[in-house]
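Ligands are counted one by one from 1 in listed order, and the atoms in each one are counted from 1 as well.
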Amino acid sequence: MHKQRGQDPRVASPEPALRIFMRRLRQIMAEPSDGQARLDTIVRQVAGHMVADVCSIYLKRQDGSLELFATEGLNPAAKHITFMMRGEGLVGLCAHLAQPVNEPDAQNHPSFSYRPETGEEIYHSLLAVPVSRGGSDVLGVLVVQNRTERLYSDDDVEVLETTAMVLAEHLVSGDVAGVNSAAEFSRSRSHVVRGQPIADGLALGHVVIHESRIVVTELRSEQPAVEIERLETAVAELKATLDELLEQNDMAAAGEHREVFEAYRMFANDRGWLRRMKEAIQQGLTAEAGVARVQNDTRARMGAHKDTYLRERLKDLDELSDRLLRVLAGRKTGNGGAKALPADTVLVARTMGPADLLDYDRTRIKGLVIEDSGGQSHVAIVAKALGIAAVGQARGVMERVDSGDPIIVDAETGDVHIRPSSEIIASYADKARFRARKRRKYKLLKSVPPLTLDGQRIGLSINAGLLVDMPQIEAAGADGIGLFRTELQFMVAQALPRMERQTQFYREVMDLAGDRPITFRTLDVGGDKALPYLRHPAEENPALGWRAIRMALDRPGLLRTQIRALLRGAGARELRVMLPLITAVSEFDAARALIDRELELLDRRGGPLPKRVHVGVMFEVPSLLYQLDALMPRVDFVSVGSNDLLQYLFAADRNNERVASRYDRLSVVALRALKSVADAAGRHRTPISLCGEMAGSPVDAMALIGIGYRSFSMAPSNIGPVKSMVLGVDTADLAAHMAVMMATAEGSLREPLKAYAAAHNVEV
Ligand code: PEP
Ligand code: MG
């Protein structure tokens, strides 16, 4: 649009056009508007005036990084998403040098840093000028880009520099309110950043900033032979670390991430990769710049691929380049760098992958704060398994922290306290002491059998899904694993785990559990649990869509492979398999037939057969409430997935805060439904247990005991509190009391149940 102007200002004498333009700029600054809108108008005007395809404003954040604040021409979705680290890219270079960068062929400049989200791959020439106060104090960078290769004229530079000057004045005077955040983020002050809890816990510690990428500052070298030798030494070191990691057989370290590390090793041995880096060095670059140049090419290719599998592989190569840069910079790839980590490390990261987290010495990591990343992310799953208090979606945390800052991560509320006041520290220290005292108390209960006052044995198992969870069975004193979420292994993997990998994984899991039973739930994917490498149609209501057993029965190959792997992994041991989201008994029959066929096949092939295969259902869909007498005799056991059962019963999305807690799971309605399942199981002598979140809440579990449940599976940290409750309960008295309440009361029984617990000294 802006190219339709009648007059090309670069052809006309620059003064009048520039003067008109400046008047317009000052008008924009004077108009009543908010800071963001003003910047948006400025970039539009500059692009129009300079006939540029792109004009963007990057502003400096406290950590020295440059954030894309406004753009005309680049993908608008990249605003506030794209950052350049201190000195990174041509934009970073411009800020670093505090002088204009004028590049006709920007993409081939060794400093160029490709950002796929911006869509800038089609622009060749780039002119960047610093937005600075008094020449040196750089507040940001103003950039124009064009598709064609061209060197911008002196007039262009002048227009842009003048605009930058006007912009700087207004940034400093605060006219662009809410945009110049420098003062606001003073690093000496305390801050609270609100994020989302992604792994429960409380951590008081000191900040270690996780740097995923090294910024290359030395670009050119006259000594290619020296640089090539440096590169070769670094690649050799990188390979040795990967070999060591893969061979050390530390399952918790390599474990489910073996695929990632194997992919890294494969790329590290790729001659083409090394050759391309060497070629770049031969052209006069340092080893670091050579790695970065090839990495940029990879990123550009990454953005172009539609195929998710290939994109993931290129991502591996990208991460490997980061590792190589860290080796060249003299930082160890593992354990978070050359410096020893403080014993109370709280990692703060912009983004982080599960393999990155496992690189650190986990005995020193108390907390984790990530700017991006939600509760379902892979790094969240690993943080949970490692017992690290973690908060995600902590927007703006990076520019507020410095290494070594005191920090508190409250992963109950999602609050992150940066440089907290002594009062806040004191109150959290109390909280932490209280938690520690409780933990000590629960630890003492570890070998106490979970018997009620009237001698009923209550089964307490844990929910798990990764190898790193396995030591928790012993640590919590649990009976076994009541719910093994097999999809977690698939979710943290970079590619669909093949049968051999699955077999080996299940075998390791069973070996580690010894003679304690594990109930393996077959893949519960689809819906909101998407696997990046599996194509899945977009659905309007994923929770009601093509997921779990529905997907498994439609695509039996996936289920068949998993069953084969489970049977082989079990060897001659007993095996327990549980089918998720069964809605009709016919689905159970179909899945069971598939399992029986696999058993037959294995028998024919002479493979060792498990001593027994128990096949059960996960009771998660209310339609089963009306098929109870058909279902119970068919199945070897039932495990109630109360999270899903209640979300479907109440038609309330369990992940939607607005509605999730609207219908109490201790309401008479929910308890009636749950009781009818327990009653039917009792009638048919079908073993029953419950593995949803209710199992881990002492008051909920008490109510469940009152309506007939005797077995639960929960997060390991809940075993102690639930056992404390069990030890104080008289089941006969509780059952009688609940029968009366359920017959006479309406609505939630939570408060009456708490009152009962208080009156009977039951710890809930
Ligand atoms: C449930 O639905 O209660 C359950 C335990 O399964 P998930 O939370 O994995 O859906
Ligand atoms: Mg479920």
Side-chain angles (χ1 to χ4, degrees), residues 198-200 374-378 380-381 384-385 459-466 469 478 480-492 518-531 541-552 562 576-583 587-588 591 616-625 637-656 660-661 663-666 670-671 673-674 677-678 688-697 700-701 703-704 709 711-719 722:
I198 56 175
D200 185 44
Q376 294 299 326
S377 65
H378 298 170
I381 292 167
K384 255 183 237 164
L460 300 180
S461 294
I462 61 162
N463 295 345
L466 296 172
D469 293 325
I481 298 178
L483 167 63
F484 193 94
R485 293 179 161 110
T486 60
E487 64 275 8
L488 296 193
Q489 189 214 4
F490 286 71
M491 286 167 76
V492 296
I518 305 175
T519 302
F520 288 97
R521 171 171 78 183
T522 59
L523 263 189
D524 185 7
V525 292
D528 53 348
K529 288 185 207 160
L531 299 178
N541 292 304
L544 302 180
W546 194 54
R547 48 172 290 209
I549 198 72
R550 302 169 180 181
M551 199 170 143
Q562 189 176 29
R576 298 171 60 82
V577 178
M578 174 156 80
L579 305 160
L581 212 82
I582 295 282
T583 308
E587 289 171 339
F588 175 78
V617 289
M618 190 133 179
F619 202 112
E620 299 179 285
V621 185
S623 65
L624 285 187
L625 290 169
F637 64 91
V638 165
S639 184
V640 178
S642 52
N643 306 341
D644 277 323
L645 182 63
L646 299 184
Q647 90 158 333
Y648 296 129
L649 187 68
F650 290 121
D653 181 352
R654 62 194 253 194
N655 294 321
N656 180 343
S661 54
Y663 308 96
D664 196 340
R665 48 197 194 193
L666 290 184
L671 290 169
L674 291 163
V677 187
I688 182 168
S689 117
L690 186 139
C691 62
E693 296 297 312
M694 286 183 87
S697 148
D700 290 27
L704 292 165
Y709 287 82
S711 170
F712 304 102
S713 190
M714 64 201 78
S717 57
N718 292 331
I719 295 264
V722 170

query: With the threshold set at 4.0 Å, does a side-chain nitrogen-carboxylate oxygen contact exist between Asp469 and Arg485?
result: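 No, this pair does not count.
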Got a donor-acceptor contact below 3.5 angstrom from the [X] side chain to the [Y] backbone?
| X | Y | answer |
| --- | --- | --- |
| Glu620 | Gly641 | no |
| Ser713 | Ile462 | yes |
| Arg550 | Gly545 | yes |
| Thr486 | Phe484 | no |
| Asn718 | Ala695 | no |
| Gln562 | Leu523 | yes |

At under 4.0 Å between heavy atoms, is it the side chain or the backbone of [X] that contacts ligand 1, or both, or neither?
| X | result |
| --- | --- |
| Ser642 | backbone |
| Leu483 | side chain |
| Met694 | neither |

Please identify which atoms of ligand 1 are closer than 4.0 Å to at least one heavy atom of [X].
| X | answer |
| --- | --- |
| Gly692 | 3 (O), 5 (C) |
| Asp644 | 1 (C), 2 (O), 3 (O), 10 (O) |
| Gly641 | 1 (C), 2 (O), 3 (O) |
| Glu620 | 1 (C), 2 (O), 6 (O) |

statement: In terms of its nearest heavy atom to atom 4 (C) of ligand 1, the top option of Arg654, Met618, Met714 is Met618
For atom 6 (O) of ligand 1, closest protein heavy-atom neighbour: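 For atom 6 (O) of ligand 1, the nearest protein heavy atom is Arg521 NH1, 3.0 Å.
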Closest Asp644 atom to the Mg ion (ligand 2) [N, O or S only]: OD2
message: Among the N, O or S atoms of Glu620, which one sits nearest to the Mg ion (ligand 2)?
response: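 Result for Glu620 and the Mg ion (ligand 2): OE2.
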